[in-house]
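Notes follow once the structure below has been shown.
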Amino acid sequence: MSEPQVEHIQRRIEHARRESRNRHPGGVLWFTGLSGAGKSTLAFTLEEFLFNDGYQVYVLDGDNLRGGLSSDLRFTHVDRTENVRRAGQVAALFADAGLICIAAFISPYRSDRAMAAMNAKRFHEIYIRADLRTCERRDPKGLYKLARAGEIKNFTAIDDIYEEPESPAFVVDTTELTIEQSLASLSRFVAEHFPLGRS
C-alpha cells in the first residue's frame, strides 16, 4: 500500500511581506550550553529587551517544550535527539513567520545542533559558556546534586557528554560576564544580524 501524498499548500503571504511588517528579518538564536550556564535567564532577559525595542520575539526552551510537545520524551540519547529535532522544527516555523526565536536548549550533541541549523534560513548558534564548576555551584534546580547522587541518569557533563560548539556564531562567557554585560553583548549581536527598520 502506497503512502498518502502530502499536498504542498502555496503560501499567499511572501516572507518579504512579513519582514516588512515586522520591520526586521526572522531567524533563530540557538543558545546552547551546560545546565546552569544561564541560557534561559539570558534568553528571557534578551526577549524582554528586544520586545521593548520593537522586535517580534519568542523564547522556546526545554521547560515549555517538554511540558507539552515533548512530554512523551525522557532523557536518553535518542530522546534528546528527538527533542532537539522537534525544537529545531518549531523554531524554524517561528522564524519563517518573521519572528526571532530564541531557542535555549542544552542540546549537548553537535550533530543535533547541526540538524536544527538546517531547518532555518537564519540560524545562529550561540554558545552560553560556563565551566562545570561554576554551573555546579549555581545549580539553580538542584539537578547536579541529584545527578552526583545517582538519582538522575544521563545528565550532561556528569554521566553524559557535552560537545562544545566548534565554530559558534557568538560566545557569551557567563563565568566572566554579568547578566547586564551579557545582555549588552547579545543585543549588539542582534542589532548587527537582525537590523530593526524604523518607520
Side-chain angles (χ1 to χ4, degrees), residues 27-47 57-96 99-175 182 186:
V28 177
L29 303 175
W30 191 277
F31 287 13
T32 179
L34 296 178
S35 176
K39 297 180 301 301
S40 291
T41 297
L42 288 178
F44 287 110
T45 302
L46 180 62
E47 178 192 41
V57 57
Y58 188 80
V59 171
L60 186 67
D61 75 344
D63 288 341
N64 60 27
L65 200 70
R66 283 189 176 272
L69 183 62
S70 292
S71 61
D72 59 318
L73 301 178
R74 299 180 68 81
F75 290 91
T76 65
H77 191 129
V78 172
D79 281 0
R80 284 184 164 194
T81 292
E82 174 59 15
N83 186 54
V84 171
R85 187 193 71 79
R86 295 179 189 182
Q89 292 285 345
V90 174
L93 290 173
F94 276 115
D96 188 51
L99 283 73
I100 293 177
C101 180
I102 306 172
F105 294 87
I106 295 173
S107 47
Y109 314 125
R110 293 191 189 108
S111 59
D112 292 350
R113 299 194 298 267
M115 176 179 59
M118 293 175 62
N119 294 321
K121 292 179 181 178
R122 292 186 180 90
F123 182 99
H124 300 278
E125 183 182 47
I126 297 178
Y127 183 20
I128 308 299
R129 181 170 59 197
D131 59 69
L132 179 59
R133 179 180 297 179
T134 298
C135 292
E136 283 203 70
R137 186 177 67 248
R138 292 171 179 165
D139 203 9
K141 299 179 181 179
L143 299 178
Y144 283 102
K145 183 177 181 180
L146 293 173
R148 290 292 189 188
E151 296 181 38
I152 298 178
K153 303 297 183 183
N154 305 314
F155 193 78
T156 301
I158 302 300
D159 57 354
D160 198 3
I161 61 171
Y162 177 78
E163 297 175 335
E164 293 189 359
E166 294 181 318
S167 54
F170 200 62
V171 178
V172 178
D173 193 332
T174 64
T175 303
S182 299
L186 285 166

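In this text, all values refer to a predicted model and were calculated from it rather than measured experimentally.
- A side-chain donor-acceptor contact under 3.5 Å links Arg80 and Thr156.
- Taking CD1 of Ile158 as the reference point, atom CD1 of Ile152 lies at 10.0 Å (rounded to 0.5 Å).
- Residue Ala43 comes nearest to Val59 through the heavy atom pair O-CG2, 3.4 Å, listed as atom of the first residue, atom of the second, then distance.
- Taking a cutoff of 4.0 Å between a charged side-chain nitrogen and a carboxylate oxygen, Glu136 and Arg148 qualify as a salt bridge.
- Counting only heavy atoms from C-beta outward, the side chains of Pro108 and Ile161 never approach each other to under 4.5 Å.
- Separating the CG atom in Asn83 from the CG atom in Leu73 is a distance of 5.5 Å, to the nearest 0.5 Å.
- In this structure the side chain of Val172 reaches within 4.5 angstrom of the side chain of Leu42, judged on heavy atoms.
- The environment of Tyr58 atom OH is sparse: at most 12 non-hydrogen atoms of other residues, nucleotides or ligands sit within 6.0 angstrom.
- Using a cutoff of 4.0 Å between basic side-chain nitrogens and carboxylate oxygens, Lys121 and Asp96 are not scored as salt-bridged.
- With Arg113 as the fixed residue, the salt bridge (charged side-chain N to carboxylate O under 4.0 Å, His left out) test singles out one of Glu164, Glu125, Glu163: Glu125.
- Closest of all the heavy-atom pairs between Cys135 and Gly36 is SG-C, 3.8 Å.
- Using a 4.5 Å cut-off on side-chain heavy atoms (C-beta onward), Ile102 and Leu46 make contact.
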| message | The test is side chain to side chain contact (heavy atoms under 4.5 Å, CB included); show your working for Arg129 and Thr175 and say whether it passes. | response | CA-CA 7 Å; Arg129 181 170 59 197; Thr175 303; 5.9 Å; no
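- One distance of note links OG1 of Thr32 with CZ of Arg110; it measures 10.5 Å at 0.5 Å rounding.
- Counting heavy atoms from C-beta outward, His124 and Val28 have side chains that stay 4.5 Å or more apart.
- In this structure, Ala91 and Leu60 approach most closely via the heavy-atom pair N-CD2, 4.0 Å.
- Side chains of Asp131 and Thr134 form a contact here, defined as non-hydrogen atoms less than 4.5 Å apart.
- With rounding to the nearest 0.5 Å, the separation of OG in Ser40 from CG in Asp61 is 4.0 Å.
- Contact detail for Ser107 and Tyr162: the closest heavy-atom pair is O-CE1, 4.2 Å.
- Ring planes of Phe155 and Tyr144: perpendicular class, angle over 60° (limits at 30 and 60°).
- A salt bridge links Glu82 and Arg85; the closest N-O separation between the charged side-chain nitrogens and carboxylate oxygens is under 4.0 Å.
- For Gly33 against Lys39, the heavy-atom pair with the smallest separation is O-NZ, 3.1 Å.
- Annotation: side chain of Tyr109 is in contact with side chain of Asp160 (closest heavy-atom distance under 4.5 Å).
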| field | Pair Trp30-Phe105, side chain to side chain contact (heavy atoms under 4.5 Å, CB included): steps then yes or no | value | CA-CA 8 Å; Trp30 191 277; Phe105 294 87; 4.1 Å; yes
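- Residue Thr45 comes nearest to Thr41 through the heavy atom pair OG1-O, 2.7 Å, listed as atom of the first residue, atom of the second, then distance.
- Inter-residue side-chain proximity for Ile100 and Leu29 is flagged as met; some heavy-atom pair is nearer than 4.5 Å.
- Taken to the nearest 0.5 Å, the CD1 atom of Ile128 stands 11.5 Å off from the CG atom of Leu34.
- For the 3.5 Å distance criterion, the side chains of Arg138 and Thr174 qualify, holding a donor opposite an acceptor.
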| Stepwise side chain to side chain contact (heavy atoms under 4.5 Å, CB included) check, Phe170 with Leu186 | CA-CA 9 Å; Phe170 200 62; Leu186 285 166; 4.1 Å; yes
